[in-house]
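Just the heavy atoms: all of them, side chains too, but no hydrogens, waters or symmetry mates, feed the values below.
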Amino acid sequence: MRKLLVILILCLLGSWTVMAQEGMSPNGRLSVKVIGQCLAIYYEQQPVLEVWTPTDKGLQFIRKITADYQMLTGKRLHCQNEANEYRIDKAILRIYNDGIALRDADVSYRIPEGTRRWMQQWCDSYEGFFPLDTTYKVTPIPSYSGISKSNEGWNNRWGYPALIEPQEGVFALITEANIEKGQSASCLYNEGERFRVTPDETLNSQLSTLNFKQSPWRVAIIGTLKDVVESTLVTDVSDPCRIADTSWIHPGVVSWIYWAYNHGSNDYNIIKKYVDMAVILHLPYVLIDAEWDEMKAPYTIEDAVNYAKSKGVKPLIWYNSSVGWVDGAPTPKFRLNKPEDREKEFAWCEQIGVAGVKIDFFSGDNQKNMDYCIDLLESAARHHLLVNFHGATIPRGWQRTYPNLLSTEGVYGAEWYNNVPTFTDKAACHNATLPFTRNVIGPMDYTPCTFSDSQHPHITTNAHELALTILFESGLQHLADKPESYLSQPAQVQQFLSNLPSVWDETRLIDGYPGRFVIMARRSGTRWYVAGINGLDTPQDLSIPIDFMDKIQNIFVFEDSESSSWEIQTRKMVPQEIRLQPRGGFVWVIE
């Protein structure tokens, strides 16, 4: 009997060793096979991604992970996901239903030549395009700070997120999540087809050492475009909320001064115009931008804050982080860097009735910046201040851990109509790429919906611009155009902006392809918003398969007109197809 028992145990151990060479997601769609020092990832048995690690040991199952939590902003308020967690040597691997997450291991990804990819050359502000390419042999763009090039002369430093299409219709979006104190963020450096995850700390040896307790999660969201766009994997792997009372955190739409004037907010009378616009359009917030500490006499920032409050509009104010662009940059500066100064400043903001802060001009992904951002979020929360990071790194899950972080720039947005003419011709394609790349990973302060021109003109249509308010998710959605532009639009457009949600119960990708077009549906309560844009310079006839709505009462339609600025009407049935004008768009509000 004892001999039979030993034989049985040996057989079971042998079977476990074979099984441990492969891991599976709970829904069975994703699998990971250990092949030497490579984790080969498959989606529905199709090879998708190779992840190289410095070990060839097998997978040891640890436990099943369930993510079930509430968000205050994002693609949906109630987030759910499942994963199987494995140990591979000293590393932890989680295989979720929509991707993988790996920590505590050196990681490189293989992206074979010929693979379609949408990748941004790294710069510290993450303000660049995601052009379609099939090779890593891309010429560096000198205007982007931080660009590095290989010995062959190609750019070899890439920012997150990186989207690839390894199989037709199957995608992987590479990023990271859950940066903690004592850690730096990372980027991708490539040597040929091998893209190595490289913490910024290795580039700045004078900074203090990394947090070796554990690394951030290296994340790859995998599946169809629908799987990628609707994924909450970045927040699924991030730490839960650390703010005990979140009742004071209210997302909303903001009137914003800078875009129209290419200048800050040192003119009290202009600030009044934007407050008055917020009142007319029923917007909860106004942003008082840079240079408010140099307000033209006889007014002060307190006068501007008090005027906004007297009208029922909550003011947000701008600060220079004073770690990035300092010399020649706008003020106020050096008010937040020291802990005691920061506490004093935020206490003053709370006292005079400021609702939140926009903090600008950080200097990259190093540990110093990451620690500083966390310190800012924690201090702001103590004083009930909302936060919007600008000129900063991309979201990496802090929006769950610190839900007072309602938005982050980290995007080549409408602000660039101020700076260079480049944006005009590329904006439509870029806009149709962002829902599949940058906005997948977190809130994006693009500052959308401009009907007039800034320093450089735009050639997207009015309906395209209106659609961006739905397609681009942000807990603080800044409307960038000037008051006279919004207030000259038809009453239905103004009403739309007045009712515009900044919180979504549900998000669904209807159809699209990066750079070509995107059609998305978002639900707020019982109301659905369906929006789409054309990224091409030619018209497109598109079918719109919507089969998840019932009991439709009315559809309010905002579309392009060939003879005027708008086509606005009410319908009773959802159209099955639509013609999108060149660089055009549409919005349907479905009751």
- Query: Within 45° of the axis and under 6.0 Å from the centre of the six-membered ring of Y529, does NZ or CZ of R523 qualify?
  - Reply: no
- Is it the case that R110 places NZ or CZ above or below the six-membered ring of F195, under 6.0 angstrom from the centre and within 45 degrees of the axis? no
- CD (E113) with more than 12 external heavy atoms under 6.0 Å: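 Yes.
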Kindly assign one of parallel, tilted or perpendicular to the pair [X] and [Y], based on the angle between their ring planes and the thresholds 30° and 60°.
X: Y446; Y: F423; answer: tilted
X: W122; Y: Y126; answer: perpendicular
X: H430; Y: F130; answer: parallel

- Task: Supply the atom-to-atom distance L476 CG to N388 CG, rounded to the nearest 0.5 angstrom.
- Result: 6.0 Å
For the aromatic rings, using the six-membered ring if either is Trp, is the centroid distance between [X] and [Y] under 6.0 Å?
X: W292; Y: Y319; answer: yes
X: F558; Y: F586; answer: no
X: W118; Y: Y513; answer: yes

- Message: Under the rule for side chain to side chain donor-acceptor pair (under 3.5 Å), what residues qualify as partners of Q540, not counting sequence neighbours?
- Response: N534
- Item | Note: R76-D505 ion pair, threshold 4.0 Å (strictly below) |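 No salt bridge links R76 with D505.
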- Under 3.5 Å: donor-acceptor pair, side chain of K572, backbone of N554: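 No, the answer is negative, given that no donor and acceptor are paired below the 3.5 Å cut-off.
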- Is W528 reaching over with its side chain to a backbone N or O of R522, donor-acceptor style, under 3.5 angstrom? no
- Query: Can you list the steps and then say if D236 with N81 is a side chain to side chain donor-acceptor pair (under 3.5 Å)?
  - Reply: CA-CA 7 Å; D236 294 343; N81 205 347; 2.9 Å; yes
